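No experiment lies behind these values; they were computed from the predicted model shown. In what follows, every chain begins at residue 1, and chains take the letters A, B, ... in the order their sequences are listed. Just the heavy atoms: all of them, side chains too, but no hydrogens, waters or symmetry mates, feed the values below.
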Amino acid sequence: MERVYIEDLRKHIGETVTVQGWLQTLRDQKKMQFLVVRDLTGMVQVVLEKAADPELAATISGLTQESNLTLTGLVIDNPIVKLGGLEMQLTTLKVEALAASPLPFDPSADTLPMLDFRMDWRFLDLRRPVNALLFQVQTTLEQAWREYWLQNRFVEIHSPKLMGSPSESGAELFEVAYFERKAYLAQSPQFYKQMGMAAGFDRVFEIGPVFRADPSFTSRHMTEFTGIDMEMSWIESHEDVMAFQERWLQYAWQAVKDRHGAAVQELFGREIVVPSVPFPRITMKQALEILKEEGYTLPADKKGDIDPGGERTLADWVKRNHDHEFFFLTDWPITVRPFYHMRYEDQPEITKSFDLIAGGLEIATGAQREHRYDVLARQAQGKGLGLESIQFYLDFFKYGCPPHGGFGLGLSRTLVVLLGLNNIREAVYLFRGPNRLEP
RNA sequence: GGGGGCGUGGUGUAGUGGUUGAACAUGCGGCCCUGUCAAGGCCGAGACCGCGGGUUCGAAUCCCGUCGCUCCCGCCA
């Protein structure tokens, strides 16, 4: 018999159907047995009058919580049942897998173990409906982004994650044994997505893993995460990139609201607010003035950078003055930006760059790139980089590469902001950090 | 890499020097009751209080070390 999803049971009142799922609760009474079965779409009460089938009743008595069941029975409307006002009268049951007991923890309990313990048993943690929803939201996000890219003539690329030489800085790269020599895990597809511009692809995007060997112990860092990267040609400035990004984000927020708005409200207690465009833009110069007015003192050694506390203060200011959850922080000084960011002709100390701050969290960084070979080489040297190690990259710009720019955005950080989570480890399938390589 | 906090039955917590034979909730096992529904009732098993050392007549409780977790800063997505 074909499987019916629990959320569709009401369409089958009076029919005998099969559902498959997990035993969440068993109430084994003297004459009756009640099973609460959960699948990805919901929960249903299944009943058996023990006298009607003593053998089946005995099987049910031996079931453990979270066992996998295939159940067939008659769906009946029953307003007395608190769970959806219907129930299934069991006729046959197949135990697909009996769960060991006791469980390390009960995924349906009110009080949850601490995050680190749940990560040890992530597959149990992911059985919680709230987590199933989180990954459905993630799927919708990625689909919407892809739709928007495809509507705008983007091409998807998959760049290598093994690299022969430390490229940008070298400090934050993982080293791996590669036959007789060393290789490095890519900490960004930056160079390779720019190659797509030199290749004449005009616009490319990539969704892929990114590795950072930073020993960071915070609620927003991981050593491996999924990067959302794009690059577009023939732009006039980083403003074109921001204008694209805000509409691209707006489109995805709308898709999540349309498809999961009600569920997110119910399980995360959060309303999805589709942001208006354009997002507010604040230059670094303005930001420093705002922080001064707000009475926020930056640490002395910031060299024109803004710390997370400053970013949150600015986010509050934007919320108050523009009623917006997002803002672009633009025009960063060259001291805190990589060599490939383009600089203003009339302000050589300032880059045509931006960060996107959402809910006080930095979720993306972008810029117009320097596409002129000579200027790029000079800027690299100015940063103290040896040209030999990046010659393959510089070559991209030697034989005609159009003006271009792009951004990199963190997938899990975006989910943190979208769903109002307090730790990035809640937002990722399996967390990787300095002390976490398992499971 | 720097700083703060925490570490008690499976899980979440209480207890901060002596009526502690370490408590409570939940989970687990057994029994009872019941068309139940976050079910209810009774009984039971389960921790030598992360680990090592020290102070003290006496340490889960104080001190030192160590390991683990966590948050903040730095760095970034």
Side-chain angles (χ1 to χ4, degrees), chain A residues 24-37 43-50 64-66 76 78-87 89 100-121 124-125 168-169 171-172 187-190 207-229 298-299 301-303 305-312 332 336-338 355-358 361-366 407-417 422-425 427-428 433-436:
Chain A
Q24 181 155 319
T25 307
L26 169 62
R27 288 187 284 273
D28 195 352
Q29 302 183 177
K30 196 170 196 174
K31 296 177 190 165
M32 308 281 293
Q33 286 170 323
F34 298 90
L35 299 82
V36 177
V37 176
M43 294 190 287
V44 66
Q45 170 165 293
V46 178
V47 284
L48 177 72
E49 212 165 326
K50 289 169 119 173
T64 50
Q65 197 184 354
E66 292 295 310
I76 61 165
N78 186 348
I80 291 172
V81 179
K82 292 180 181 173
L83 197 58
L86 58 76
E87 65 185 358
Q89 293 181 335
S101 177
L103 296 159
F105 75 95
D106 177 0
S108 56
D110 302 337
T111 55
L112 286 171
M114 294 188 317
L115 181 55
D116 192 58
F117 184 85
R118 281 187 283 124
M119 286 197 293
D120 288 339
W121 300 96
L124 286 177
D125 193 35
E168 286 188 49
S169 65
E172 52 189 22
Q187 32 66 291
S188 152
Q190 183 60 38
I207 297 178
V210 174
F211 303 91
R212 303 278 167 92
D214 290 320
S216 296
F217 299 92
T218 75
S219 55
R220 60 186 186 282
H221 286 86
M222 302 188 275
T223 50
E224 176 180 352
F225 63 92
T226 301
I228 310 291
D229 274 87
L298 283 166
D301 57 342
K302 293 302 289 183
K303 294 185 296 188
D305 204 349
I306 287 180
D307 64 331
E311 286 177 352
R312 288 190 289 271
W332 293 66
V336 295
R337 290 279 151 161
D355 274 9
L356 175 61
I357 315 294
L361 181 66
E362 189 177 324
I363 64 169
T365 297
F407 65 81
L409 170 137
L411 175 60
S412 298
R413 282 194 179 184
T414 303
L415 281 163
V416 164
V417 170
N422 57 28
N423 196 312
I424 201 162
R425 292 165 216 190
V428 66
N435 294 324
R436 174 65 71 168

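Side chains of A:M32 and A:L48 form no contact here, defined as non-hydrogen atoms less than 4.5 Å apart. In this structure the side chain of A:V37 never reaches within 4.5 angstrom of the side chain of A:Q24, judged on heavy atoms. Put simply, the side chain of A:P308 reaches to within 4.5 Å of the side chain of A:R220, judged on heavy atoms. Contact check for A:L86 versus A:N78: no side-chain heavy atoms found under the 4.5 Å cut-off.
Across the C1' atoms, B:A14 and B:C24 are found 7 Å apart, a figure rounded to whole Å. Straight-line distance between the C1' atoms of B:C48 and B:A59: roughly 13 Å, to the nearest whole Å. B:G50 and B:U61 have their C1' atoms separated by 15 Å, given to the nearest Å. Distance noted for atom C1' between B:C33 and B:C69: 44 Å (whole Å). One P atom belongs to B:C31, the other to B:C6, and the distance between them is 45 Å to the nearest Å. The separation of B:G18 from B:G9, taken at their C1' atoms, amounts to 24 Å, rounded to a whole angstrom.
At a threshold of 4.0 angstrom between heavy atoms, the contacts of A:M222 include nucleobase atoms, whether or not backbone atoms are also involved. In this structure, A:D116 reaches the sugar-phosphate backbone alone: every heavy-atom distance under 4.0 Å involves primed, P, OP1 or OP2 atoms, never a base. Backbone-only contact: A:L112 has heavy atoms under 4.0 Å from sugar-phosphate atoms and none from a base. Within the nucleic acid shown, A:A364 comes within 4.0 Å of sugar-phosphate atoms alone, with no base atom in reach, counting heavy atoms only. Here A:P215 lies in heavy-atom contact (under 4.0 Å) with a base. When heavy atoms are screened at a 4.0 angstrom cut-off, A:S219 is found touching the sugar-phosphate backbone but no base atom. When heavy atoms are screened at a 4.0 angstrom cut-off, A:D120 is found touching no nucleic acid atom at all.
Residue A:M114 contributes atom CE, which lies 12 Å from atom C1' of B:U8 at whole-angstrom precision. Atom P of nucleotide B:C75 and atom CZ of A:R413 are separated by 13 Å, given to the nearest angstrom. The CZ atom of A:F117 sits 13 Å away from the C1' atom of B:U26 (whole-angstrom rounding). In this structure, A:E87 places its CD atom 14 Å from P of B:C37, rounding to the nearest Å. Taking atom CD of residue A:Q29 and atom C1' of nucleotide B:G35, one finds them 6 Å apart after rounding to whole Å. Atom-to-atom, CZ of A:F34 to C1' of B:C33 comes out at 14 Å; the value is rounded to the nearest Å. Protein atom CG of A:L48 is 18 Å distant from nucleotide atom P of B:C37, rounded to whole Å. At whole-Å resolution of the value, NZ in A:K30 and P in B:C31 are 13 Å apart.
With respect to A:D307 and A:R312, no salt bridge is recorded, no charged nitrogen being found less than 4.0 Å from a carboxylate O. With respect to the salt-bridge test (charged N to carboxylate O, under 4.0 angstrom), the residues A:D116 and A:R425 do not qualify. The pair A:D355-A:R337 counts as a salt bridge, with a side-chain nitrogen and a carboxylate oxygen less than 4.0 angstrom apart.
The shortest distance between the side-chain N/O atoms of A:T365 and the OP1/OP2 oxygens of B:A77 is below 4.0 Å. Proximity of A:R212 to the phosphate of B:C76: no side-chain N or O atom is located under 4.0 Å from OP1 or OP2. One finds a side-chain N or O of A:N435 lying less than 4.0 angstrom from the OP1 or OP2 phosphate oxygen of B:C69. A sub-4.0 Å separation between OP1 or OP2 of B:C72 and a side-chain N or O of A:R312 is absent.
Taking a pair as Watson-Crick or G-U wobble with both distances under 3.5 Å, the runs of three or more consecutive pairs in RNA chain B are B:1-7 with B:67-73, B:10-13 with B:23-26, B:28-32 with B:40-44, B:50-54 with B:62-66.
Among the nucleotides B:G74, B:A77, B:U36, the one closest to any side-chain atom of A:S216 is B:G74. The side chain of A:R27 lies closest to B:A39, out of B:A39, B:C75, B:G12. Distance from the side chain of A:N78 is smallest to B:G35 among B:C75, B:G35, B:C71. The nucleotide whose nearest atom lies closest to any side-chain atom of A:Q65 is, among B:C28, B:G35, B:U11, B:C28. With B:C71, B:G35, B:C76 as the candidates, the nucleotide lying closest to the side chain of A:R425 is B:C71. Here the side chain of A:K82 is nearest to one of B:C75, B:G35, B:A38, namely B:A38. Distance from the side chain of A:V47 is smallest for B:G35 among the nucleotides B:G35, B:G27, B:C37. Side-chain proximity of A:S101 to B:C37, B:C28, B:C71: nearest is B:C28.
If A:E311 and A:M32 are placed on RNA chain B by their nearest nucleotide, the residue sitting closer to the 5' end is A:M32. For the pair A:K31 and A:D355, nearest-nucleotide mapping onto RNA chain B gives the more 5' position to A:K31.
Side chain of A:R413 to backbone of A:I363: no donor-acceptor contact under 3.5 angstrom is found. Judged purely by atom type and a 3.5 angstrom limit, A:Q45 has no side-chain atom pairing as donor or acceptor with the backbone of A:V36.
For B:U36, the base has no donor-acceptor partner in the side chain of A:Q33 [N/O atoms by modelled type, under 3.5 angstrom].
A:D214 and A:S216 form no side-chain donor-acceptor contact under 3.5 Å, judged by distance and modelled atom types alone.
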